[in-house]
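Heads up, the thing below is written out as structure tokens.
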Amino acid sequence: MSKNPFYFFCSPVRIQWDPEKDMYFNNLNYRSIQVGLTGIAVEKYVNDWIVSIEDISDKCRGINYLISDKKTEEARNMLPLENIYPITDNVRSIIFASEQTIY
């Protein structure tokens with residue numbers, strides 16, 4: 001894939017690296033990828049790629065309550081387990097990922 005700016009301008013998928021946050025909204029020392037979709041990518045996402053949707057509002061409110069009540073460890077135990085997604089060197093170069101961005 002090319003790193004030509006025109007290629008990225010025309011792509012229906014945009015990415016950017018945002019600071020990851022802890023449960024107090026403090027920046028962590030790594031970044032998470034944010035994906036933006038336009039055009040055909042939105043259509044594919046809505047019609048083909050979504051497997052399920054789960055409303056986690058009550059769980060988030062519960063975590064927020066525990067944090068407010070200084071029950072940090074209980075709140076941390078309710079957070080989902082997050083794993084680093086393995087990517088090839090080719091994909092890493094396309095999305096401008098580095099060890100500092102993703103670890």
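FYI, side chains are in, hydrogens and waters are out, and symmetry mates aren't considered; it's all heavy atoms of this structure.
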* Full working for side-chain contact (heavy atoms from CB on, under 4.5 Å) between Q34 and I15 -> CA-CA 6 Å; Q34 182 183 71; I15 64 164; over 6 Å; no
* Asked: Yes or no on side-chain contact (heavy atoms from CB on, under 4.5 Å) for R14 and T38, after CA distance, side-chain angles and deciding distance?
  -> CA-CA 8 Å; R14 306 280 195 301; T38 62; 4.0 Å; yes
* Asked: Going through the distances and angles, do R31 and E20 end up as a side-chain contact (heavy atoms from CB on, under 4.5 Å)?
  -> CA-CA 5 Å; R31 295 181 171 269; E20 184 60 54; 6.0 Å; no
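When all heavy atoms of Y24 and T72 are compared, the closest pair comes out as OH-OG1, 2.9 Å. The nearest pair of heavy atoms linking A41 to P12 is CB-O, 3.6 Å. Residues A97 and W17 approach most closely at CB-CZ2, 3.7 Å, considering heavy atoms. Looking at every heavy atom in both residues, I87 comes nearest to I95 through CD1-CD1, 4.1 Å.
Between the CZ atom of F96 and the CD atom of Q16 there is a distance of 13.5 Å, given to the nearest 0.5 Å. Atoms CD1 and OG, on I40 and S11 in that order, are 12.5 Å from each other to the nearest 0.5 Å. For the atom pair CG of N27 and CG of D18, the computed distance is 10.0 Å after rounding to the nearest 0.5 Å. Rounded to the nearest 0.5 angstrom, K21 NZ and L28 CG are separated by 8.5 Å.
Put simply, the side chain of N26 never gets that close to the backbone of D22: no donor and acceptor are under 3.5 Å apart.
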Enumerate, atom names and distances included, each donor-acceptor pair closer than 3.5 Å involving a side-chain atom of residues 51-69, sequence neighbours excluded.
from, atom 1, to, atom 2, distance (Å)
D55, OD1, S57, N, 2.9
D55, OD1, S57, OG, 2.6
D58, OD1, R61, NH2, 2.7
K59, NZ, M78, O, 3.2
S68, OG, N64, O, 3.0
D69, OD2, K71, NZ, 3.2

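Checked against salt bridge (charged side-chain N to carboxylate O under 4.0 Å, His left out), K44 has the following partners two or more places apart in sequence or in another chain: D48.
Linking Ile, Leu, Val, Met, Phe, Trp and Tyr residues whenever their side-chain heavy atoms come within less than 4.5 Å leaves L79 and Y30 in two separate clusters.
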